[in-house]
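To keep things clear, I will list the structure first and then write my remarks on it.
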Number of protein chains: 2
Amino acid sequence: MNNIETESYQNLLVKNGLKKTGARLQVLDVLSHRNSATSQPYLENKIGKDIDRVTLYRILKTFEEKGIIHRVLDKQGTANYALCTSSCSENHHHDEHVHFNCNNCLRVYCLDDVKIPPLKIEKGFKIEDMNLIVSGICKDCNEAN
Amino acid sequence: MNNIETESYQNLLVKNGLKKTGARLQVLDVLSHRNSATSQPYLENKIGKDIDRVTLYRILKTFEEKGIIHRVLDKQGTANYALCTSSCSENHHHDEHVHFNCNNCLRVYCLDDVKIPPLKIEKGFKIEDMNLIVSGICKDCNEAN
DNA sequence: TTAAGTGCAAAATCTTTGCAAATGT
DNA sequence: ACATTTGCAAAGATTTTGCACTTAA
């Protein structure tokens with residue numbers, strides 16, 4: 001991780017009133033270097049030697065509460081995490097983009113460009129949030145075959 | 001449960017090569033008498049005195065594989081189950097309708113009438129399935145306040 | 001009769017909690 | 001110095017597995 005990146009992670013932490021600890025920086029580093037959301041098992045595997053599993057749980061929970069990352073559950077119910085875009089804030093996520101869950105490699109992509117079209121829904125139901133998970137075969141897996 | 005219903009449950013089982021056991025009929029009975037998807041904890045609570053927790057897991061798994069029920073994960077990752085419509089078959093679900101997850105009562109509704117609008121998605125990604133979970137306040141909870 | 005289904009015990013996971021030690025500011 | 005954060009141990013919850021007993025067909 002280079003200096004510029006490290007600095008921006010640190011800002012992210014300070015901005016949210018969090019201490020700059022090694023564990024947190026390491027989590028941010030992993031998340032920011034991937035082109036898809038990162039599953040919790042992947043994180044555990046990647047940084048499990050350095051960071052206790054319990055600490056990871058707590059870091060992810062804190063980050064999500066602060067609006068630094070958002071959580072997407074894949075089809076199996078496994079938690080995947082991705083860095084939020086700027087529009088997220090404490091206790092308020094705006095991750096109303098589409099997520100793509102590959103049936104082959106199981107990765108979860110954030111398709112930031114794709115917006116969920118407006119829906120007509122039965123009267124009486126008040127919409128607060130929408131979450132669309134599309135599953136299929138991702139670009140990488142398609143090309144690999 | 002009246003006779004007509006019982007008979008149709010039995011057909012459902014026989015049609016799928018499953019034995020008509022008391023446990024299975026009871027699960028079908030609960031699921032068919034609710035206007036929303038049923039969470040696994042609810043089922044456990046409802047029929048836990050009669051049916052072993054492990055058996056319930058196995059019944060739900062079998063039903064899902066046979067296309068009798070489909071599973072929806074709510075925001076917390078809790079499994080919810082609903083009877084499939086006729087278009088579902090073994091190992092192939094067509095539950096591409098919208099689910100509504102109430103933030104207040106936590107119920108999951110199957111909005112069968114609402115279809116997911118076609119999406120423009122990045123080239124290379126092949127869509128096989130779509131799952132839209134809308135969350136907010138449901139009709140019942142709105143009216144109660 | 002016999003393959004399928006169930007219950008029980010126990011293992012394997014996953015997630016949370018409490019508390020003392022370590023760390024960042 | 002002091003509140004925050006972490007690690008460890010342990011509890012709690014969820015899900016799976018193995019095997020003997022039971023039941024539907």
Side-chain angles (χ1 to χ4, degrees), chain A residues 6-7 9-30 38-66 68-69 71-81 90 106 108, chain B residues 6-31 38-66 68-69 71-81 90 106 108:
Chain A
T6 305
E7 201 173 326
Y9 304 160
Q10 296 190 351
N11 283 339
L12 206 49
L13 293 177
V14 172
K15 202 170 58 180
N16 285 284
L18 301 174
K19 291 185 178 170
K20 294 178 274 183
T21 66
R24 284 172 176 163
L25 290 172
Q26 213 175 327
V27 170
L28 289 176
D29 185 48
V30 173
T38 304
S39 73
Q40 187 152 353
Y42 179 97
L43 280 167
E44 283 176 16
N45 178 60
K46 190 86 173 179
I47 59 184
K49 303 112 199 164
D50 305 324
I51 304 176
D52 189 84
R53 180 199 277 267
V54 173
T55 301
L56 179 57
Y57 272 105
R58 292 194 269 229
I59 288 176
L60 293 171
K61 192 180 173 204
T62 302
F63 282 4
E64 198 190 359
E65 285 167 358
K66 294 292 187 182
I68 296 172
I69 60 177
R71 187 178 68 151
V72 194
L73 298 177
D74 66 18
K75 272 189 165 179
Q76 290 81 44
T78 303
N80 286 254
Y81 295 91
E90 186 153 2
L106 302 182
V108 174
Chain B
T6 305
E7 202 173 326
S8 80
Y9 303 159
Q10 297 191 351
N11 283 339
L12 206 49
L13 294 177
V14 171
K15 203 170 56 183
N16 285 284
L18 300 174
K19 290 186 178 172
K20 296 177 274 184
T21 69
R24 285 174 176 163
L25 291 171
Q26 213 175 328
V27 171
L28 289 176
D29 186 48
V30 174
L31 291 181
T38 304
S39 73
Q40 186 153 353
Y42 179 96
L43 280 167
E44 282 176 14
N45 179 60
K46 190 85 172 181
I47 59 183
K49 303 110 198 166
D50 305 325
I51 303 176
D52 189 83
R53 180 198 275 267
V54 174
T55 301
L56 180 58
Y57 272 104
R58 292 196 268 228
I59 288 175
L60 294 171
K61 193 180 174 203
T62 302
F63 282 3
E64 199 190 358
E65 285 167 357
K66 293 291 186 180
I68 296 172
I69 61 178
R71 187 178 69 151
V72 194
L73 298 177
D74 66 18
K75 270 190 167 179
Q76 290 79 43
T78 303
N80 285 255
Y81 294 92
E90 185 154 1
L106 302 183
V108 174

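Chain A is the first sequence line, chain B the second, and so forth, proteins listed ahead of strands; every chain is numbered from 1.
Taking atom CG on B:L60 and atom C1' on D:dT16, their separation rounds to 14 Å, with Å as the unit. What separates CG of B:L43 from P of D:dT15 is a distance of 13 Å, to the nearest Å. Atoms CD (A:Q40) and P (C:dT13) sit 16 Å apart, rounded to a whole Å. Taking atom CD on B:Q26 and atom P on D:dA24, their separation rounds to 14 Å, with Å as the unit. Atom CD of B:E44 is separated from atom C1' of D:dT16 by 14 Å (rounded to the nearest Å). To the nearest angstrom, C1' of D:dT17 lies 15 Å from CZ of B:R53. Taking atom CG on B:L25 and atom P on D:dA24, their separation rounds to 10 Å, with Å as the unit. Put simply, CG on B:D74 is 13 Å from P on D:dT14, counting in whole angstrom units.
The distance from the CZ atom of B:R71 to the OG1 atom of B:T78 is 11.0 Å, given to the nearest 0.5 Å. Here the straight-line distance linking atom CG of B:L73 with atom CG of B:N80 works out to 8.0 Å at 0.5 Å rounding. Taken from CD1 in A:I68 to CG in A:L13, the straight-line distance is 6.0 Å, to the nearest 0.5 Å. Note that OG1 of A:T55 is 11.5 Å distant from CD of A:Q26, once rounded to the nearest 0.5 Å. The distance from atom OH of A:Y81 to atom CD1 of A:I59, rounded to the nearest 0.5 Å, is 12.0 Å.
B:K20 is not listed as a side-chain neighbour of B:Y9, based on a closest heavy-atom distance of 4.5 Å or more. Two residues are said to be in side-chain contact when any heavy atoms from C-beta on lie closer than 4.5 Å; B:K66 and B:K15 fail this criterion.
Counting all heavy atoms, side chain and backbone alike, B:L12 lies closest to B:N16 at O-ND2, 2.7 Å.
Along DNA chain D, the nucleotide nearest B:K61 and the nucleotide nearest B:V14 are compared for position; the residue whose nucleotide lies closer to the 5' end is B:K61. Along DNA chain D, the nucleotide nearest B:Y57 and the nucleotide nearest B:K20 are compared for position; the residue whose nucleotide lies closer to the 5' end is B:Y57.
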Show me, pair by pair, the donor-acceptor contacts under 3.5 angstrom made by side chains of residues 41-48 of chain A, not counting sequence neighbours?
unit_1 : atom_1 : unit_2 : atom_2 : d
A:Y42  : OH     : A:R34  : NH1    : 3.3
A:E44  : OE1    : A:R53  : NH1    : 3.3
A:E44  : OE2    : A:R53  : NH1    : 3.4

Would you list the protein and nucleotides 3-6 of chain D atom pairs, both N or O, that sit under 3.5 Å from each other?
unit_1 : atom_1 : unit_2 : atom_2 : d
D:dA3  : N3     : A:K19  : NZ     : 3.3
D:dT4  : O4'    : A:K19  : NZ     : 2.9
D:dT5  : OP1    : A:K19  : N      : 3.4
D:dT5  : OP1    : A:R24  : NH1    : 2.7
D:dT5  : OP1    : A:R24  : NH2    : 3.1
D:dT5  : O5'    : A:R24  : NH2    : 3.1
D:dT6  : OP1    : A:T21  : OG1    : 2.7

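When the local axes at the two ends of the helix from C:dT1-D:dA25 to C:dT25-D:dA1 are compared, using 5 base pairs at each end, they differ in direction by 30° after rounding to 10°.
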